[in-house]
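Comments concern the structure below.
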Amino acid sequence: MTTNPNTAGLFEHGQQQYARDTAPLAERMRPASFDEFVGQEHILGEDKVLRRSIAADRVPSILFWGPPGSGKTTLARLIATVTRAHFEPVSAVSSGVADLRKAIAGAQERQSFYQQPTILFVDEIHRFNKAQQDVILPHVEDGTITFIGATTENPSFEVNAPLLSRCRVFTLYALDAEAVTSIVRRALDDDRRGLGMLTPELAPDALAHLVNIANGDARVALNALEMATVACEPDADGIRRITAAAISDALQRRTPQYDKAGDSHYDTISAFIKSVRGSSPDGALYWLARMLEAGEDPLFIARRLVILAAEDIGLANPGALPVAVAAQQAVHFIGLPEGRIPLAEATVYLATSPKSNAAYLALERATEDVRGKPHQPVPLHLRNAVTGLMAGMGYGSGYKYSHDYEGHFEAQEYLPSELSGRRYYEPSEQGSEAAIAERLRRWWGDTPSIGL
């Protein structure tokens, strides 16, 4: 059976047209030129090096790093439209080494026979392991391909150092409200690729709600808009009037930009800890709520509070560590959602406690001496004479039993002779530690000083 080539061509064109027509709105509205691209002016402004490199068709190997919906893949595809290089896209989600080798073989053939360069675009590059990334490296080095990668994760941790060193990293940011608004309005007005043929009308409060709930992600905004538009029945005038309630129904909640294994995880817990350490209960509660809403493990949060109670509050409030441990035990015992309450209580208690890291610093100073100085024997008067031989050797000789003295204290040396007089612990004047400082001054005076 033979196939009419004209018919085959029409069929293929029809398939492509069908795929475009049935694609999600976010895919249909993907910018076709740099004039349509919205946002990221810090790297795409007319005077920026990336824009000039693209215009000159001298694109270096690049890594685009940014949150979902910020335009990484779109930007890579736009580069393909203005360069004479062949554009070879690969998704790290569904591809492997065999796909990479096939793409590179094609690049070598085009380079040898047609002197045409190749841009290899790898979406979600962080999903490739070290061995898969290593396949790319030598061909970037010898100029067979120009590599463009896109990732939502920090390239410093997710991309092999040799490959990373050969790329220019450009950071993309979540789109601001003005940019998302512009993208939404374009989709509403576009009769060919957008929703214009459906005659939608988005109420001002609905637009504001959509932009807010999209959280800087253009893809989320467009797909929620499409769902809400299709779900709305046209009125007598043929207008689909989209309300804020319809937007809420299409996208139930704000999409958190949070990955429990990625940068958002570490950045948010850092903001939380620094808020507690900085005595801001409001800031701490906000970051706590962000983590809980994103599905963070509550025991991870509780463990960090236990560490903070010991490191940053210490003896300025001796009750801090028991409260943090109690919160950890409560969360472990009752789980979520009720476990949010003891976490919140512990967060407020620690944030509003006096702060001191004196005990932590004391341990660090002592550890430095332990690691950096010779280990002298334990002084004889601090050893126990458990046998007659040991007593005869002077073990325990001269030891002053504290309870035999007034106030249950008598000064004596507790450090090896080389470290005599060394003071590691310097209590602050915060909270309960002020009383500790006064006792130490009464016992030991002010003469010993920290030696590092």
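Since we're looking at a predicted model, the values are computed, not measured.
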May I ask you to check whether His42 and Tyr173 place their ring centers less than 6.0 Å from one another?
-> yes
Where is the tightest heavy-atom contact between [X] and [Y], given as atom of each residue plus distance?
X	Y	result
Leu78	Ser33	CD2-N, 3.5 Å
Thr152	His126	OG1-CE1, 3.6 Å
Ser61	Thr146	N-CG2, 3.8 Å
Ser275	Ala284	CB-N, 3.4 Å
Ala179	Val38	CB-CG1, 3.4 Å
Ala320	Tyr349	CA-CE2, 3.8 Å

Once you round to the nearest 0.5 Å, how far does [atom1] of [X] lie from [atom2] of [Y]?
X	Y	atom1	atom2	result
Met29	Leu188	CE	CG	9.0 Å
Glu201	Asp235	CD	CG	8.5 Å
Leu350	Ile313	CG	CD1	4.0 Å
Met227	Leu25	CE	CG	11.5 Å
Gln108	Thr118	CD	OG1	9.5 Å
Leu299	Gln329	CG	CD	9.5 Å

Between [Y] and [X], is there a salt bridge with N-O shorter than 4.0 Å?
X	Y	value
Arg371	Glu364	no
Lys72	Glu124	no
Lys102	Asp99	no
Glu36	Arg77	no
Arg51	Glu41	no
Asp312	Lys355	no
Arg166	Glu141	yes

Quick one: does any side-chain atom of [X] pair with a main-chain N or O of [Y] as donor and acceptor, under 3.5 Å?
X	Y	value
Gln115	Ser112	yes
Arg241	Ala203	no
Arg110	His86	no
Gln40	Ser70	yes
Gln111	Gly106	no
Asn129	Gln132	yes
Asp237	Ile239	no
Thr347	Leu285	no
Ser248	Ala244	yes

Could you please spell out the steps behind the side-chain hydrogen bond (donor to acceptor under 3.5 Å, both in side chains) verdict for Thr144 and Asp142?
-> CA-CA 6 Å; Thr144 300; Asp142 66 16; 2.6 Å; yes
Under the side-chain contact (heavy atoms from CB on, under 4.5 Å) rule, what do Leu63 and Ile148 come out as? Steps first, then yes or no, please.
-> CA-CA 6 Å; Leu63 275 168; Ile148 299 180; over 6 Å; no
Using a 4.5 Å cut-off on heavy atoms from C-beta on, say whether the side chain of [Y] contacts that of [X].
X	Y	answer
Leu440	Pro427	yes
Glu88	Phe121	no
Leu50	Leu44	yes
Pro60	Ser53	yes
Tyr424	Leu361	no
Ile43	Leu75	yes
Val276	Phe272	yes
Val82	Asp57	no

Return the orientation label for the Phe64 and Phe170 ring planes: parallel under 30°, perpendicular over 60°, tilted otherwise.
-> tilted
Salt bridge (Lys or Arg N to Asp or Glu O under 4.0 Å) evaluation trace for Arg28 with Glu226 | CA-CA 11 Å; Arg28 302 199 309 271; Glu226 182 176 35; 3.1 Å; yes
Just checking, is any N or O donor in the side chain of [X] or [Y] under 3.5 Å from an acceptor N or O on the other one?
X	Y	answer
Asp123	Ser91	no
Thr74	Arg30	yes
Asn154	Ser156	yes
Ser428	Glu433	yes

Give the C-alpha distance, both sets of side-chain angles, the deciding distance and a yes or no for salt bridge (Lys or Arg N to Asp or Glu O under 4.0 Å) between Asp189 and Arg185.
-> CA-CA 6 Å; Asp189 295 337; Arg185 285 186 168 143; over 6 Å; no
Quick one: do Ile145 and Ile136 satisfy side-chain contact (heavy atoms from CB on, under 4.5 Å)? Show the steps, please.
-> CA-CA 9 Å; Ile145 59 171; Ile136 302 170; 3.8 Å; yes
Which of these passes side-chain contact (heavy atoms from CB on, under 4.5 Å) with Leu321: Val306, Leu308, Ile307?
-> Val306
Applying side-chain contact (heavy atoms from CB on, under 4.5 Å), run through Asp217 and Leu175 and close with a yes or a no.
-> CA-CA 7 Å; Asp217 188 328; Leu175 299 175; over 6 Å; no
With side-chain contact (heavy atoms from CB on, under 4.5 Å) as the test, would you mind laying out the steps for Thr181 and Leu207 before giving the verdict?
-> CA-CA 7 Å; Thr181 299; Leu207 174 59; 3.9 Å; yes
Derivation and outcome, salt bridge (Lys or Arg N to Asp or Glu O under 4.0 Å), residues Glu368 and Arg365 = CA-CA 5 Å; Glu368 187 168 340; Arg365 293 170 186 134; over 6 Å; no
